[in-house]
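The first residue of the sequence shown is numbered 1, and numbering continues consecutively from there. On a predicted model such as this, the values are computed, not experimentally measured, just so you know.
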Amino acid sequence: MKLLLKSSILSLCVLSFHSFAGSQCGDLSGCERKSCEIEYQIDKAKEYGNQHKVDGLTKALKEVKANCTNDGLKDKIAEKIESSEEALAEYREDLEEAKQSGKTQKVKKYQRKIEDEIAERDRLVEELAEIQ
């Protein structure tokens with residue numbers, strides 16, 4: 001019970017962190033947005049005294065500033081969308097097999113996976129559309 005409560009609280013913190021960072025960087029797109037979100041994470045890590053995380057994020061920010069291009073981001077997102085489509089096809093096949101075998105738990109499992117994958121794919125498509 002305590003583990004469930006802790007994981008729920010952690011999930012809420014992560015979601016609120018990302019939504020706040022997203023709102024601060026929401027007017028930006030592509031590499032500018034990526035840099036903004038990393039800078040926000042650096043500020044938060046400094047606020048909490050997590051120097052190890054600050055160091056890692058600072059390195060990531062340097063990499064983004066040195067190597068990030070919007071065309072490169074578009075390509076990576078397009079690859080992720082393609083990978084997501086492949087995963088969806090596999091989950092749909094697995095779902096059909098589970099239905100045919102009458103395994104209700106597996107049917108539910110694959111339905112959840114399909115829903116999650118569709119949400120992720122839709123998020124990626126939206127992200128790709130925002131990059132200019």
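Applying the disulfide bond (SG atoms under 2.5 Å apart) test to every pair with at least one member in residues 84-116, sequence neighbours left out, gives no pairs at all. Listed by first then second residue, pairs satisfying disulfide bond (SG atoms under 2.5 Å apart) with a partner in residues 54-131 read C31-C68, not counting sequence neighbours.
Membership of an apolar cluster is not assigned to Y48, as no side-chain contact below 4.5 Å to another ILVMFWY residue is traced.
Across all their heavy atoms, L57 and I42 have their closest contact at CB-CG1, 3.4 Å.
Side-chain contact between V54 and N50: absent, with no pair of heavy atoms (C-beta onward) separated by less than 4.5 Å. Between L124 and E127 the shortest side-chain heavy-atom distance falls below 4.5 Å.
Applying the side-chain contact (heavy atoms from CB on, under 4.5 Å) test to Q100 and every residue at least two apart in sequence or in another chain returns nothing. Taking the side-chain contact (heavy atoms from CB on, under 4.5 Å) definition, one finds that A87 meets it with Y91, E117, sequence neighbours left out.
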What pairs of donor and acceptor atoms, side-chain ones from residues 102-116 against any protein atom, are under 3.5 angstrom apart with sequence neighbours left out?
none

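Salt bridge K65/E39: present, at least one basic N to carboxylate O contact under 4.0 Å. The pair E96-R92 does not meet the salt-bridge criterion, since no charged nitrogen lies less than 4.0 angstrom from a carboxylate oxygen.
Other residues, nucleotides and ligands place more than 12 heavy atoms under 6.0 Å from the CD atom of E47.
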